[in-house]
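What follows is one structure encoded as structure tokens, with my remarks underneath.
Residue numbers run from 1 in the order of the sequence given.
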Amino acid sequence: VQLQASGGGSVQAGGSLRLSCATSGGTLNMHTMGWFRQAPGKERQFVAAINYSGESTHYADSVKGRFTISRDSAKNTVILQMNSLKPEDTAVYYCAAAHSTARRLDIEVRYKSKYRQWGQGTQVTVSS
């Protein structure tokens, strides 16, 4: 599958953005989906993941309570709703897919190596 991330932009601290990850040429219904981010000069880091059915989610500690990951299977789309944004959330955000029908996610979803397909990234900039 090919992934396309969109929805990035520039906001002030405390604002919100909604990122979308859509697919072409396939379906995401048998995939764990993840969001990662990479700030300049830093490693790409895990943000959030959701299992194939949407019943299990996993978040990085830094975004818990502020970000929500969800999926719309009918639209073959995964959403990352980001609220209460902080300047330290500034990064390029990437969506990724891992073929999996696991019903419960575990810490393995934090590892980039789990994911086989990656989108091109969308820039999020949060100003103070």
Side-chain angles (χ1 to χ4, degrees):
V1 297
Q2 291 186 325
L3 304 177
Q4 180 83 23
S6 62
S10 297
V11 296
Q12 290 192 325
S16 298
L17 282 173
R18 179 181 170 95
L19 304 185
S20 295
C21 179
T23 184
S24 59
T27 176
L28 299 175
N29 292 340
M30 303 289 282
H31 292 75
T32 289
M33 298 299 298
W35 284 97
F36 288 74
R37 66 187 181 188
Q38 188 167 16
K42 294 189 176 182
E43 294 274 331
R44 190 171 298 188
Q45 62 177 201
F46 170 77
V47 175
I50 189 167
N51 80 323
Y52 80 104
S53 64
E55 61 186 339
S56 181
T57 57
H58 191 77
Y59 295 93
D61 290 344
S62 59
V63 306
K64 273 182 187 176
R66 300 188 298 122
F67 292 11
T68 302
I69 188 171
S70 60
R71 63 191 309 156
D72 184 337
S73 296
K75 295 182 180 179
N76 228 11
T77 301
V78 177
I79 303 296
L80 185 68
Q81 178 66 42
M82 305 187 296
N83 299 328
S84 302
L85 282 162
K86 304 175 181 180
E88 51 264 44
D89 294 319
T90 294
V92 177
Y93 283 70
Y94 298 88
C95 61
H99 190 273
S100 172
T101 55
R103 297 191 66 179
R104 182 180 295 274
L105 299 180
D106 58 27
I107 196 171
E108 288 186 352
V109 299
R110 294 176 177 240
Y111 301 130
K112 296 186 292 292
S113 58
K114 181 176 177 67
Y115 301 86
R116 295 285 299 275
Q117 288 84 28
W118 290 83
Q120 86 290 358
T122 185
Q123 176 71 46
V124 171
T125 303
V126 185
S127 57
S128 57

Can you tell me how far [atom2] of [Y] sits from [atom1] of [X], rounded to the nearest 0.5 angstrom?
| X | Y | atom1 | atom2 | answer |
| --- | --- | --- | --- | --- |
| Met33 | Ser70 | CE | OG | 11.5 Å |
| Thr101 | His31 | OG1 | NE2 | 10.5 Å |
| Asn83 | Arg18 | CG | CZ | 10.5 Å |
| Thr57 | Lys64 | OG1 | NZ | 9.5 Å |
| Thr122 | Trp35 | OG1 | CH2 | 7.5 Å |
| Glu43 | Lys112 | CD | NZ | 5.5 Å |

Is it true that [X] and [Y] fall in one hydrophobic cluster, defined by side-chain heavy atoms closer than 4.5 Å?
| X | Y | value |
| --- | --- | --- |
| Val92 | Tyr115 | yes |
| Ile50 | Leu17 | yes |
| Val126 | Val63 | yes |
| Val47 | Ile69 | yes |
| Trp118 | Leu19 | no |

Gln117/Gln2 under side chain to side chain contact (heavy atoms under 4.5 Å, CB included): CA gap, chis, key distance, verdict: CA-CA 7 Å; Gln117 288 84 28; Gln2 291 186 325; over 6 Å; no
Kindly give the heavy-atom pair with the smallest separation between [X] and [Y], and that separation in Å.
| X | Y | answer |
| --- | --- | --- |
| Ala13 | Ser128 | CB-CA, 4.3 Å |
| Asn76 | Leu28 | OD1-N, 3.0 Å |
| Ala102 | Tyr52 | O-CD2, 3.6 Å |
| Ser16 | Val11 | O-CG1, 3.8 Å |
| Ala91 | Ala39 | CB-N, 3.8 Å |

4.5 Å side-chain heavy-atom contact, [X] and [Y]:
| X | Y | answer |
| --- | --- | --- |
| Arg66 | Met82 | no |
| Arg37 | Ser62 | yes |
| Leu3 | Tyr94 | no |
| Thr90 | Gln123 | yes |

Is there a donor-acceptor contact under 3.5 Å linking the side chains of Arg110 and His58? yes
Is it the case that the side chain of [X] and the backbone of [Y] share a donor-acceptor pair, with hydrogens and angles ignored and the cut-off at 3.5 Å?
| X | Y | result |
| --- | --- | --- |
| Arg103 | Asn51 | no |
| Gln120 | Ala5 | yes |
| Ser56 | Leu105 | yes |
| Thr77 | Lys75 | yes |

Between Asp89 and Lys86, is there a side-chain N and carboxylate O pair less than 4.0 Å apart? no
Atom CD of residue position Glu55 - does it have more than 12 heavy atoms of other residues, nucleotides or ligands inside 6.0 Å? yes
Candidate pair Leu85 and Phe67, rule side chain to side chain contact (heavy atoms under 4.5 Å, CB included), full reasoning: CA-CA 9 Å; Leu85 282 162; Phe67 292 11; 3.8 Å; yes
